[in-house]
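Report on one structure; see the data block that follows.
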Amino acid sequence: LVRLRARLARSQNAFGKTLLGLLSRDTLDDDAWEEIEDTLIGADIGVAVSRQITEALRTRVQVLGTRSVEEVRALLKEELVKQIGPDFDRAVRTEPHGDKPAVVMVVGVNGTGKTTTTGKLARVLVGDGRTVLLGAADTFRAAAADQLQTWGERVGAEVVRKEEGADPASVAFDAVKRGIESKVDTVIVDTAGRLHTKTGLMDELGKVKRVIEKQAAVGEVLLVLDATTGQNGMQQARVFAEVVNITGIVLTKLDGTAKGGIVVQVQRELGVPVKLVGLGEGPDDLAPFEPEAFVDAILG
Ligand code: GDP
């Protein structure tokens, strides 16, 4: 959490600073409140929620008659934490059940950071003393399997892969089969993220999931979203949510954006919690998502 805070503070993520600046103006007239709302919208929080937060703040500031920076910050923090939803279960299900490994599917559009997230998650688990196997079911992107292989060697996880262009479902099947045979704790399957057509995607991910489920339960389907892509990312998230049952969101590249507000939007719309955040390209740059620490970070 300290790391989450430090990383986000170092990034351009502090739209909260702009808000606090606006809130500490001498007069808070309609224009000022509009600017506050615009700042929230600009941070990708979403129009409706931005209005809601602004109205709530406006009422509370008026009722309390307060203008002290500390009090205003506390009110803003409270409103933001409320919107981010502190009561989601954000645990990532990686515990084996019986003699079967836990299976985690990692889905999302290419370039969002799926393979990197798969590697980083493996690193966390291996660091906790778990055995992990990685399935390179992104057979579409040329370098994906090599990239995953490198991660596997780096973190100490076996990698199951096939030739480029192989059927992703057959790789997933083999990975889980091998994982069961070698009694690993967790199998993480990196999938291909071609957003060709909705039915194409649905067929592909559906098939991957079905062949896995012939052997072991899929405990998590993590959707990887690039925080820097804003509304485009939201649109992608909607498509994935329609084709596969997502259990958690990984928001990557939070280190490179001032728009962390996408957290609020994506959770509200999909009803699924952000469970992990990506804070860089390195092996240790994955952190559990913690709403309070996150809000503290964006408020600077
Ligand atoms: P994939 O196509 O979805 O598997 O995406 P990759 O895992 O190959 O990642 C695409 C690029 O984003 C790579 O250059 C990664 O190093 C980079 N990347 C992934 N996660 C993060 C993150 O949290 N922060 C930053 N700054 N870069 C990231």
Side-chain angles (χ1 to χ4, degrees), residues 1 3-13 44 92 104-124 134-155 157 159-162 164-166 168 171-172 175 188-196 201 204-205 208 220-230 232-233 235-237 239-240 243-244 246 248-260 262-263 266 274-290 293-294 297-298:
L1 294 187
R3 201 152 46 83
L4 172 67
R5 215 167 295 181
R7 274 302 173 90
L8 290 177
R10 230 187 301 144
S11 80
Q12 298 291 303
N13 216 323
D44 276 340
V92 183
V104 178
M105 267 175 77
V106 181
V107 307
V109 172
N110 281 337
T112 53
K114 273 190 313 298
T115 306
T116 309
T117 298
T118 305
K120 289 179 194 171
L121 181 58
R123 159 90 160 199
V124 172
L134 305 175
D138 181 356
T139 57
F140 180 71
R141 186 161 67 83
D146 288 341
Q147 202 182 322
L148 200 65
Q149 184 93 49
T150 305
W151 274 103
E153 283 160 16
R154 194 194 271 180
V155 307
V159 177
V160 168
R161 60 183 294 184
K162 284 192 175 182
E164 199 185 317
V171 180
I188 313 176
V189 179
D190 183 21
T191 65
R194 282 178 288 168
L195 252 192
H196 33 355
L201 184 74
E204 193 166 290
L205 287 181
V208 167
E220 285 279 356
V221 180
L222 296 176
L223 172 67
V224 178
L225 264 192
D226 177 342
T228 66
T229 56
N232 217 344
Q235 189 47 42
Q236 294 166 4
V239 173
F240 275 90
V243 304
V244 67
I246 292 159
I249 295 154
V250 183
L251 204 59
T252 59
K253 310 188 194 180
L254 261 184
D255 52 308
T257 176
K259 299 186 165 223
I262 196 82
V263 171
V266 74
V274 172
K275 292 188 168 178
L276 299 165
V277 290
L279 300 166
E281 299 184 88
D284 295 317
D285 294 331
L286 186 74
F289 180 68
E290 222 280 19
F294 179 74
I298 58 185

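FYI, side chains are in, hydrogens and waters are out, and symmetry mates aren't considered; it's all heavy atoms of this structure. Whatever order the structure lists ligands and atoms in, that order sets their numbers, starting from 1.
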Answer with side chain, backbone, both or neither: which part of D138 has a heavy atom less than 4.0 angstrom from an atom of ligand 1?
neither

Contact summary for V155 and G119, nearest pair of heavy atoms
CG1-O, 3.9 Å

Grab the two heavy atoms, one from G280 and one from K120, that are nearest each other, plus how far apart they are.
O-NZ, 2.7 Å

Examine D285 against ligand 1 and note whether any of their N/O atoms are separated by less than 3.5 Å.
no

Short side-chain to backbone donor-acceptor contact, D285 and G282, under 3.5 Å:
yes

Under 3.5 Å between any N/O of R141 and any N/O of ligand 1: does that happen in this structure?
yes

Would you check whether T117 has a nitrogen or oxygen atom less than 3.5 angstrom from a nitrogen or oxygen atom of ligand 1?
no

Give the residue and atom name of whichever protein heavy atom lies nearest to atom 18 (N) of ligand 1, and the separation in Å to one decimal.
K253 CE, 3.9 Å

Looking at D284 and R123, is any side-chain nitrogen of the basic one under 4.0 Å from a carboxylate oxygen of the acidic one?
yes

Show the nearest heavy-atom pair for residues T112 and K253, with the distance to one decimal.
O-CE, 3.7 Å

Of all heavy-atom pairs between V189 and A172, which one has the smallest distance, and what is that distance?
CG1-CB, 4.1 Å

Quick note on ligand 1: atoms under 4.0 Å from a heavy atom of G278 include exactly 23 (O)

A student checking ligand 1 against Q147 at a 4.0 Å heavy-atom cut-off should list atoms 6 (P), 7 (O), 8 (O)

Residues L225 and G233: closest non-hydrogen pair is CD2-O, 3.3 Å

For ligand 1, which atoms, with element, lie under 4.0 Å from some heavy atom of T115?
1 (P), 4 (O), 7 (O)

Interatomic spacing from CD in Q236 to CG in L223 - rounded to 0.5 Å:
8.5 Å

Using a 4.0 Å heavy-atom cut-off, which part of V109 comes near ligand 1: side chain, backbone, both, or neither?
backbone

Record the part of D255 in heavy-atom contact with ligand 1 below 4.0 Å; permitted values are side chain, backbone, both and neither.
side chain

I'd like to know if G111 contacts ligand 1, where contact means a heavy-atom distance under 4.0 Å to any ligand atom.
yes

V266 and A237 have their tightest heavy-atom pair at CG2-CB, 4.1 Å

Is the side chain of T139 donor-acceptor paired with the backbone N or O of E164 at a distance under 3.5 Å, no angle test?
no

Would you mind finding which of V224, T116, D190, V106 brings a heavy atom closest to atom 19 (C) of ligand 1?
T116

among protein heavy atoms, the one nearest atom 13 (C) of ligand 1 is E281 OE1, 4.0 Å

Any atom of ligand 1 sitting under 4.0 Å from a heavy atom of G280?
yes

Using heavy atoms and a 4.0 Å limit, tell me yes or no: is L279 in contact with ligand 1?
yes

Report the nearest protein non-hydrogen atom to atom 5 (O) of ligand 1: residue, atom name, distance rounded to 0.1 Å.
G113 N, 3.1 Å

Please state which protein non-hydrogen atom is closest to atom 3 (O) of ligand 1 and give its distance, to 0.1 Å?
K114 N, 2.8 Å

Measuring from atom CG of L286 to atom OG1 of T118, what distance do you get when rounded to the nearest 0.5 angstrom?
10.0 Å

